[in-house]
Each structure stands twice: as structure tokens, then as C-alpha cells.
Amino acid sequence: MKVISSVILLAASFCCQEAAIVSQQHKRVERTCGYDGCPKPKSDMLNVHIVPHTHDDAGWRRTVDQYFYGTKMKLHKASVRTILDSVIKTLLSDPEKRFIYVESVYFFKWWNLQTDELKSQVKQLVNEGRLEFVGGSWTMNDGAVAHYQSIIDQFTLGLGKLNDTFGECGRPKIAWQIDPFSHSREFAFLVTQMGYDGFFIGRIDYEDKINRIKNRNLEMVWHTGANADIFTGVLYNLYHPPPGFCFDVLCDDDLIVDDINTPEYNLDKKLEAFFEFIEKQSSVMRTNNIILTMGRDFTYMNADYYFSNLDRLIKHIDKRQRNGLKVNAFYSTPSCYLKALHDQTGITWPTKNDDFVPTASTPHEYWTGYFSSRPTLKRFERVSNQYLQICKQLTVLTKNKVSNSQKNIDHLREAMGIIQHHDATSGAVRPYIVNDYARLLQIGIDKCSENIEESLNQLIIDNGNNSGISRHEGVGLDFKSCADLNISSCEISENSHRFMVTLYNPLGHSTHQYVRIPVRNGKFEVFDHKNGSMTYVLVPIPSDVRRLSNRENDTVFELVFFATDLPPLGYKSYFLERKSNLATVKSEVPAKIQDEFITTDANGPFTIGNQYLNLTFDVNGLLESAATEEVQMKVRQNFYFSYTFRPNGTQASQIVAKANVRLIRNKLVDEVHQTFNSWLSQVIRIYKAENYAELHWVVGPIDVDHEIITKFDTDIKSNGVFFTDSNGRQTMKRKLNHRDTWNLTLSEPTASNYYPIQSKIAIEDNTRRFAILTDRSQGGSSLKDGSIELMVHRRLSIDESPTFGKTSNDMAGNGRAARGTHYFVFGSKKIATKASTEANERFIQRQMFLSSWLFFSNMRHLSYDLWRKSYENTFSGMSISFPKNVNLLTCEPLGPNSILIRFEHIFEENEDKFYSRPVSFNLRNVFTTFDVTSIRETTLAANQWLEESKRLSFSTETSDANKINTEREIDAKPNDDDFEISLKPMEIRTFIVEFEWRT
Ligand SMILES: *[C@@H]1O[C@H](CO)[C@@H](O)[C@H](O)[C@H]1NC(C)=O
Ligand SMILES: [Zn+2]
């Protein structure tokens with residue numbers, strides 16, 4: 001840059017006049033928050049925005065609480081409480097200083113410990129823009145392995161608390177993802193909808209960064225969706241200070257010594273290094289502003305230490321400025337930096353359409369292993385989310401709440417926020433930290449159970465006709481969840497003679513579900529509330545599941561029945577009765593079930609399926625082909641050792657060539673139980689009424705340094721193209737060995753082609769489409785035409801390598817067994833008269849993500865007749881189902897008469913001929929327990945009224961007009977009393993709804 005060419009020269013000619021004059025030039029009398037309170041850059045100088053900050057991980061080498069309070073310091077020296085104590089004290093002592101704070105989980109832990117007096121002082125700091133919140137979500141979630149529902153929830157939590165506490169001045173304008181290992185387009189889209197003006201990131205692929213530096217493209221406008229552009233800046237130096245300028249107890253850099261009388265004097269040298277650095281940085285930026293992030297992980301435990309050196313730095317730059325130096329350095333914030341860029345005239349910015357996924361930090365270090373690390377934690381996170389949504393909904397639906405109902409939900413909200421943290425979801429932590437995350441989730445689940453039990457009791461008893469039974473006579477029901485259903489274990493169903501199963505459906509649509517309940521052998525009757533006895537079957541639990549070490553029982557069957565017409569935001573209960581004596585059962589079962597498997601040598605190839613989908617298996621017991629009425633494909637599926645993330649990685653190798661199989665067919669389901677070896681098995685299942693197949697895999701315990709993939713090799717001519725979801729929402733088109741933004745150097749043929757899968761990976765040709773949907777975050781790819789692979793388990797021994805995301809021993813260090821499900825969806829690409837295969841995938845994905853939850857209640861001596869008469873055994877929170885392409889994304893309590901509600905269109909433009917159209921519906925009379933009296937729209941995180949949201953826009957190199965439109969189109973007609981809601985493809989709309997209870 002021109003302005004800086006004289007810098008070095010001037011820096012060398014040190015001059016010492018007017019040492020006593022401390023710069024007054026940035027001092028303003030009136031301080032405000034927001035852009036108006038920003039320091040004004042000087043147009044003829046290089047403006048250096050000095051941004052003091054700290055990066056506080058919500059768990060990494062220590063737990064969240066250890067980091068906050070400062071215990072187990074030996075492992076990692078850090079205390080966030082001390083950081084905030086110290087920073088606030090320093091800010092209060094000098095109005096010139098500014099600081100940003102990012103992680104709301106820590107801020108509010110700290111806030112809750114302060115006196116009212118200090119709180120009001122902190123409010124003043126916020127009101128004056130001296131303390132600025134940036135990011136502001138509960139934690140800094142990872143960009144790749146987080147699901148959009150949980151991202152939105154954890155932003156709503158953090159930003160909501162900030163708005164409640166500080167009002168408008170507490171609303172962050174900048175999204176700040178400086179440490180996460182990938183950046184998805186869906187995440188960037190979400191922050192546009194939350195009203196952020198700019199987005200700063202730290203880590204991108206090293207090749208991408210080299211190119212961006214070369215072309216001065218570190219800062220850009222990212223097109224993230226329709227009317228959803230956001231200014232995005234890649235920080236020049238990650239989130240670190242220039243080398244030599246980390247003035248912290250955690251750093252080793254020399255402090256600035258400006259006392260000329262000591263041999264330790266180093267001011268000139270320090271300044272020279274500083275000028276050299278900023279010159280380098282500014283030479284690759286487009287304006288005469290640069291941002292310097294002054295801080296690192298957990299810095300500022302002694303804030304004065306850092307600040308006093310920054311003071312000295314700024315003071316001496318000021319002095320030289322008065323002698324002609326064209327550098328202007330001042331305390332600033334990311335929003336003030338963004339505003340300075342925005343205010344520059346005549347600057348245009350490059351654009352971006354794809355995403356920053358995946359990331360390599362060197363040719364052989366790809367941050368893609370973490371997509372699959374710690375599979376059991378990644379699944380627990382999904383189940384916890386499901387429970388949170390149900391807890392929020394059931395709390396909304398009933399008038400009488402348990403005391404602390406909001407606090408109960410907060411426990412789980414906060415735990416879900418914490419687990420979104422980039423080291424947590426990624427699994428980049430040690431086993432005992434994983435256990436702490438699991439502990440927090442479990443507490444949240446237990447607390448939420450209080451709300452759920454109260455609501456279900458009210459609905460099932462108090463709404464019933466109360467003939468003979470009332471909860472107030474002390475006969476309240478337990479609604480127990482069986483946490484071990486995933487290993488086919490449940491105390492109540494195994495040991496009770498009579499029990500009730502209540503299916504709660506959290507979707508805004510009525511639905512159906514095949515219910516599987518672990519039981520001992522014998523005869524049963526399954527009743528619903530009106531038609532009496534229902535069809536059921538007993539299906540043997542695969543011996544490989546029964547063998548799992550954490551399974552305590554010897555239950556050998558699952559009872560399966562088909563629950564239909566499960567009402568939206570509602571439940572249906574079933575009564576199950578054992579007809580044979582339990583005592584005789586125990587001894588009668590095992591011998592038969594432990595039979596050797598029926599081998600296919602004897603049976604030859606076979607086919608399972610129904611009218612929608614058939615799967616054929618070969619003589620080795622492996623999947624061979626798939627067929628629908630319209631199309632067929634060859635598809636071979638097996639498990640392999642992968643060497644993707646190992647040095648000198650080679651081709652994946654098949655684990656075994658032949659599976660022992662057991663074939664089960666009955667009225668409700670066809671199943672193939674495959675056993676590959678002592679630690680690897682799978683059930684492939686097609687229910688009679690479903691148009692997809694389920695693959696339930698059990699993998700592990702596995703050895704150290706093993707990575708296991710499942711791979712589907714088909715004859716689909718995919719031409720190197722495959723599709724992956726972005727945070728479970730948008731679809732990204734991927735091309736083998738290709739990046740849209742730069743020419744990829746292929747140093748790691750496998751790892752460089754791995755992408756995060758939150759919900760779906762798909763391939764297609766002109767006539768056929770094949771997708772696998774997942775039940776958790778996994779890494780996946782298509783390394784060969786027609787092939788799809790997903791990593792299901794991994795366990796590496798290297799701990800905390802530079803790209804620790806690549807490593808990790810799974811839970812408890814034993815690589816223990818993981819059980820999971822893949823949904824196999826196959827269909828025609830032709831323009832269909834019915835829903836397209838893509839539409840089918842979206843619907844299955846929604847259904848699997850928020851399936852109906854099973855609650856178990858022991859009925860003891862109650863007869864079916866009395867049960868039927870006494871309880872309200874079905875309930876719907878809604879009088880209609882929403883249109884199929886509308887998803888009820890959020891329904892949660894705000895106050896006694898208000899709720900937060902979100903609707904989304906789940907299709908992309910042109911994804912489906914019919915379902916991709918805009919859709920509208922009316923909210924009047926939708927809910928059955930209350931009447932909506934008003935609705936008011938907010939931005940996505942519900943911390944700002946939509947009509948008050950105005951985002952900054954930036955000119956791009958390619959836009960014709962001077963300024964492109966980044967503002968969301970606001971519906972012309974305010975719909976305050978109309979309640980008509982319309983949605984365009986991929987749109988999410990958020991409302992605060994006021995209501996009155998129906999009597
Ligand atoms: C945010 O806080 C302000 C000030 O307390 C309040 O007036 C406003 O209603 C809040 N916004 C939302 C959307 O809740
Ligand atoms: Zn971090």
C-alpha cells in the first residue's frame with residue numbers, strides 16, 4: 001500500500017519530543033455503542049484496528065467448569081472467571097480501551113456471580129461500546145459437524161440472554177468463527193438471517209489461503225442463498241497477534257521497553273517488527289484498514305499486562321504520527337473494522353458461492369477425520385436434541401407448569417449449546433471431557449423429564465374423563481424413557497405384565513412409526529385405545545447386539561407393531577399385556593435363539609422387500625441389487641478398513657468377504673441379520689409400509705488405529721459428482737478431486753475428498769438416484785463413480801497432533817461399540833407423477849431426525865378396559881397438519897402467554913417439481929390448547945424485531961449496481977392480525993406468538 005511506504009524509514013528515525021503528551025485525539029466525550037461509537041479512521045493513513053480479545057473454548061483439554069473457575073490448572077493454565085474479572089476492571093479504569101467478548105456460556109456464568117453495582121457498570125461499558133459482544137452464541141460451534149436446528153437454538157439462547165440483559169447495545173453485529181475447522185454455506189446463511197453484518201473466520205484451507213493472499217481476496221461477499229449475502233473476512237493471522245506481540249502470562253514475548261536508559265530498551269526493534277508485519281498484511285488487503293487480533297486462547301487473565309503494552313505501542317505510534325508517520329493505530333472492535341471497510345468508497349469485493357469445507361492445514365493434514373470421531377457422542381447429541389424439542393413443545397402445550405419449567409429447559413438448552421462447541425462436536429477432546437459433556441446432557445435430560453411428565457400427566461389424566469382415576473389422588477403416572485432402547489434394553493417392557501407405551505410425535509404433521517420394544521418371550525396383546533387388539537410380531541434381537549458388553553439383560557426379542565396416525569404435536573398411547581407368565585419364560589427362551597445362523601450356502605440368493613423397494617442378496621449374504629417398480633441398480637455393500645487419515649494411506653481393504661446371515665420374514669418386516677465377525681454386524685430391514693431400507697450397523701469394540709467404513713458400490717454413472725448436505729439443510733454439489741475456488745493439489749486422495757455428512761450423501765445419473773441418510777454426523781465421500789462411503793467408527797492413538805481433529809480415542813479409550821442406522825433411499829430420476837426421490841429423502845430425513853419418542857409407564861394391575869376408559873389416550877396439539885414442505889422448526893415457551901415459533905420451507909428451489917413451490921398457511925385456530933392472539937416476526941435468533949433489522953451491504957466486483965442487496969425482503973403486508981404465513985424455498989421465519997388459553 002502506498003501510505004505505508006515511508007513507515008520503516010520513519011520508524012528508524014526515532015524522535016523523542018513531547019514525550020509527555022498522551023494522545024487525546026481518539027477521546028470522545030459522548031460514547032455510544034454501535035457503529036456511531038466507532039473510532040474514525042484517517043483517510044490518508046493506514047488504520048490499524050487493534051482488537052483485544054480472548055478465545056475461550058467451552059471445554060477442550062479441561063472441562064467448561066474447570067476452565068471457568070480455574071481448577072486443574074496443571075493441565076492447561078486458564079481461568080475465564082479471572083479473565084472477565086480482570087478485563088472489566090481494566091476497561092472501567094480507562095475509557096479508551098475496548099474489548100470484545102464472544103462465548104455467552106462463560107459470560108453469563110461470570111455475570112451471575114457479580115454484584116448489582118458491578119452489573120450496572122458493565123452495562124455502561126456495553127452502552128458505550130467499550131465492551132462489545134461478538135458472536136454471542138452460547139459457544140462457537142463447529143461449521144461442519146453441527147446440525148442447523150442446534151445451531152439456531154444455541155444462537156437463540158446466547159443472543160436472547162444478551163438482549164434480555166443489555167438490550168440493543170448487547171446485540172452482536174459480527175459472526176466470529178475464528179477457530180472452527182470448517183465453514184459451511186448453511187451456517188453463513190443462518191447468520192445472515194440472524195441479522196449479522198459481517199462474518200470473520202480463522203481457519204481455511206492452506207492452498208485457498210495462499211491464493212487469496214496472492215489475489216487480495218481474503219475478504220469477500222459470500223452468496224449463501226437467496227437474498228442472503230454476507231461480508232466474510234478470513235483473518236490474516238488466524239486469530240493471533242503479530243509475532244512478538246503476545247503480551248500475556250501465557251506467552252513468552254518480550255514486553256515493550258521504552259526506557260532509553262536501560263540496555264533492555266527494545267522499542268525501536270519492536271516497532272520495526274510491528275511495522276514490517278502490518279505492511280505485509282496491508283499489502284494484501286483492499287483498503288487502508290487492517291484488523292489485528294490481539295489475543296489467543298484464554299489470554300487476558302491479567303488484562304493490565306496485555307493492555308499496558310498495547311498502550312505503549314499505540315502511544316509511540318501516535319508520537320511518530322505527529323512526525324509524519326502515516327500509521328494510525330487505535331483500540332477497535334471487529335464491528336468498527338467492518339464499518340470502516342463499509343464506509344470506503346470505490347472498493348469492490350470478490351464473491352464466493354461454495355463453502356470452506358474441507359480444510360487442510362498442510363498437504364498432509366486434513367481436518368476431515370473429526371467428521372466421524374466419537375460416534376457415540378455424536379449420536380447422543382442428536383438424541384438430546386430430540387428430547388429438548390419434545391420438552392419445549394410439551395411445556396408449551398399445557399397451562400399448568402412445574403415451578404422452574406423454564407430453568408429445567410435451560411439446563412438442556414445450555415448443555416446442547418455447550419456440546420455444539422467446536423472441540424466438543426468434533427470429538428477433539430479427551431475421554432474425561434467427553435464424559436463431562438455427556439454428564440451435562442444427562443442432567444438436562446433429567447430436568448426436562450420433570451416438565452414432560454407433568455405435561456403428559458395433565459393431558460392424559462386431567463383431560464380425560466377422570467372416571468375413577470385422578471392424578472391428584474396420588475396416582476400420577478411415570479413416563480419413563482428407555483435410554484438403552486438403542487441396545488434393545490428397557491426395564492419396564494421387559495419386566496412388567498402390563499404397561500403403556502406413549503408415542504409423542506414432535507412434528508407438525510401426523511405420522512406413523514414402527515415401534516420396537518424389547519420383551520422376553522411369550523404371548524402378548526397390544527391394544528390401542530379404540531380398536532382393541534393390534535397385530536404385532538416378535539423379532540429376535542441379533543445375537544451381536546445381545547453380546548454388547550454394556551447390555552445387562554438377556555432379553556432376546558423385540559416386539560414390533562405399527563403405530564399409525566400419530567397426531568401432530570401430540571401422542572397416542574398403547575396398552576401392552578403379557579399373556580404368559582414371566583417366571584416360566586426365562587428358562588424357555590435362549591436355547592432356541594442361540595441357534596447357529598442359517599447360512600445362505602443352504603438357501604442361495606434371496607430377496608427382501610415390499611411393493612416399493614426390494615433388496616437382493618448374493619450367496620455370500622451380501623447386498624447385491626436394489627429394485628423399485630421403475631428402476632434397478634447393482635449395489636454391493638460391505639465394511640472396510642480405511643486408511644484415510646493414516647500416514648501413507650492406502651486403499652481400503654474389505655474386512656470379510658462373506659457374512660453369516662439369518663433371514664427373518666413376517667407380517668410387518670423383512671430382516672437380514674448379517675454377522676461379519678466378532679465385532680462387526682448389521683441388520684438390513686424393510687418394513688412393509690416404508691419405501692426405504694434401514695441398515696443398522698454394530699461396529700466395535702475396535703482396535704487402536706482402526707477406521708471402519710461402510711461402502712456401497714453401485715452401477716450409477718455418477719461422473720465424479722456427489723451431493724452432501726450442509727449442516728443438514730442446503731445441498732452442496734461435490735466433485736471428486738475438485739474445489740470450486742482453486743486448483744486442488746491432490747496430496748491426500750482420500751482425506752481431501754471427505755465431507756461432513758449431517759443427514760445425507762447422494763449420487764445420481766440420468767435415470768436413477770441413490771442416497772444414504774445418516775443418524776448423526778459422519779464423514780463421507782464418493783471416491784469412485786457409483787460409490788458412496790461413510791466412516792462409521794475410528795480410533796486413533798495419536799493424541800493432540802497439530803490437527804487433533806484427526807485423532808481421538810473413542811469414549812473411555814476402548815473404542816467401544818457403536819450402533820447406528822443408515823437409511824437407504826433409491827428411486828427414479830425421471831419426472832415422476834408422485835413425489836421425487838429427492839422429496840422422499842427430505843421427508844424421511846425429517847421423520848428420522850425427530851421421530852416419535854417412546855415413554856413407558858407401568859400399568860401394574862390396571863385392566864385394558866379401565867385403562868381405555870380412564871385416560872385420554874390420544875391427543876393432538878394441532879387441529880391440522882402443516883403442508884408437507886413446511887417444517888415446524890421451533891415451538892418453545894417464552895412466557896405464560898407467549899411462545900417462540902419457527903417455520904421453514906424444507907425444499908430448495910427446483911429440488912422437486914411440486915414441493916419446491918412457495919407455500920402458505922394460516923396460523924389461526926391451528927393449536928388446540930390455546931388461541932393465537934398476535935404474531936410478530938423476528939430475525940432468526942429471535943433477538944430483534946424483523947422490521948428493525950437492517951444489514952450493511954457491500955459492493956461486489958460482479959454486481960452491476962453500486963450496492964447489491966443483502967437485505968431480506970420484508971413482506972409488504974404486516975401480518976399482525978392476519979396470521980397468514982408464506983414461505984419461499986429454504987426460507988425460515990421466526991415469530992413471537994401471543995396467545996390465550998382455551999378453557
Ligand atoms: C430486545 O431487548 C429490548 C430491550 O430490552 C426489548 O425492547 C426487545 O423487545 C427485545 N427484542 C426482542 C425481539 O425480544
Ligand atoms: Zn477453539
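Remember, it's 1-based here, ligands and their atoms both numbered in the order they're listed. Note: hydrogens, waters and symmetry copies are ignored here, and every other heavy atom, side chains too, is used.
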Angle subtended at the Zn ion (ligand 2) by His422 NE2 and His55 NE2, to the nearest 10 degrees, is 110°
Where does Gln944 meet ligand 1, judged by heavy-atom distances below 4.0 Å: at the side chain, the backbone, both, or neither? backbone
Can you tell which part of Asp164 has a heavy atom less than 4.0 Å from ligand 1: side chain, backbone, both or neither? neither
Shortest protein contact, [atom] (heavy atom only):
atom: atom 1 (C) of ligand 1; answer: Asn163 ND2, 1.5 Å
atom: atom 4 (C) of ligand 1; answer: Gly167 CA, 3.9 Å
atom: atom 9 (O) of ligand 1; answer: Trp945 NE1, 3.4 Å

Among the N/O/S atoms of Asp179, the Zn ion (ligand 2) lies closest to OD2
Taking the six-membered ring of Tyr35 as reference, does the cationic atom of Lys173 (NZ for Lys, CZ for Arg) lie under 6.0 Å from its centre and within 45° of its axis? yes
Report yes or no: is the cationic atom of Arg185 (NZ for Lys, CZ for Arg) closer than 6.0 Å to the six-membered ring centre of Trp222, at no more than 45° off its axis? no
Hey, would you say the [X] and [Y] ring centroids sit under 6.0 Å apart?
X: Tyr101; Y: Tyr106; value: no
X: Phe181; Y: Tyr370; value: yes
X: Phe189; Y: Tyr148; value: no

Measure the acute angle between the ring planes of His76 and Tyr67, then classify it against the limits of 30° and 60° as parallel, tilted or perpendicular. perpendicular
Classify the ring geometry between Tyr306 and Tyr300 as parallel (under 30°), tilted (30 to 60°) or perpendicular (over 60°). parallel
Taking both backbone and side chain into account, is any N, O or S atom of [X] nearer than 2.8 Å to the Zn ion (ligand 2)?
X: His421; value: no
X: Asp423; value: no
X: Asp57; value: yes

Just do the ring pair (Phe, Tyr, Trp, His ring centres under 6.0 Å) check on His55 and His422 with the steps written out, would you? CA-CA 12 Å; His55 175 67; His422 52 275; 5.2 Å; yes
Hey, is ligand 1 close enough to Glu168 that some N/O pair sits below 3.5 Å? no
My question is simple, although I want it checked carefully: is atom 11 (N) of ligand 1 less than 4.0 angstrom from any protein heavy atom? yes
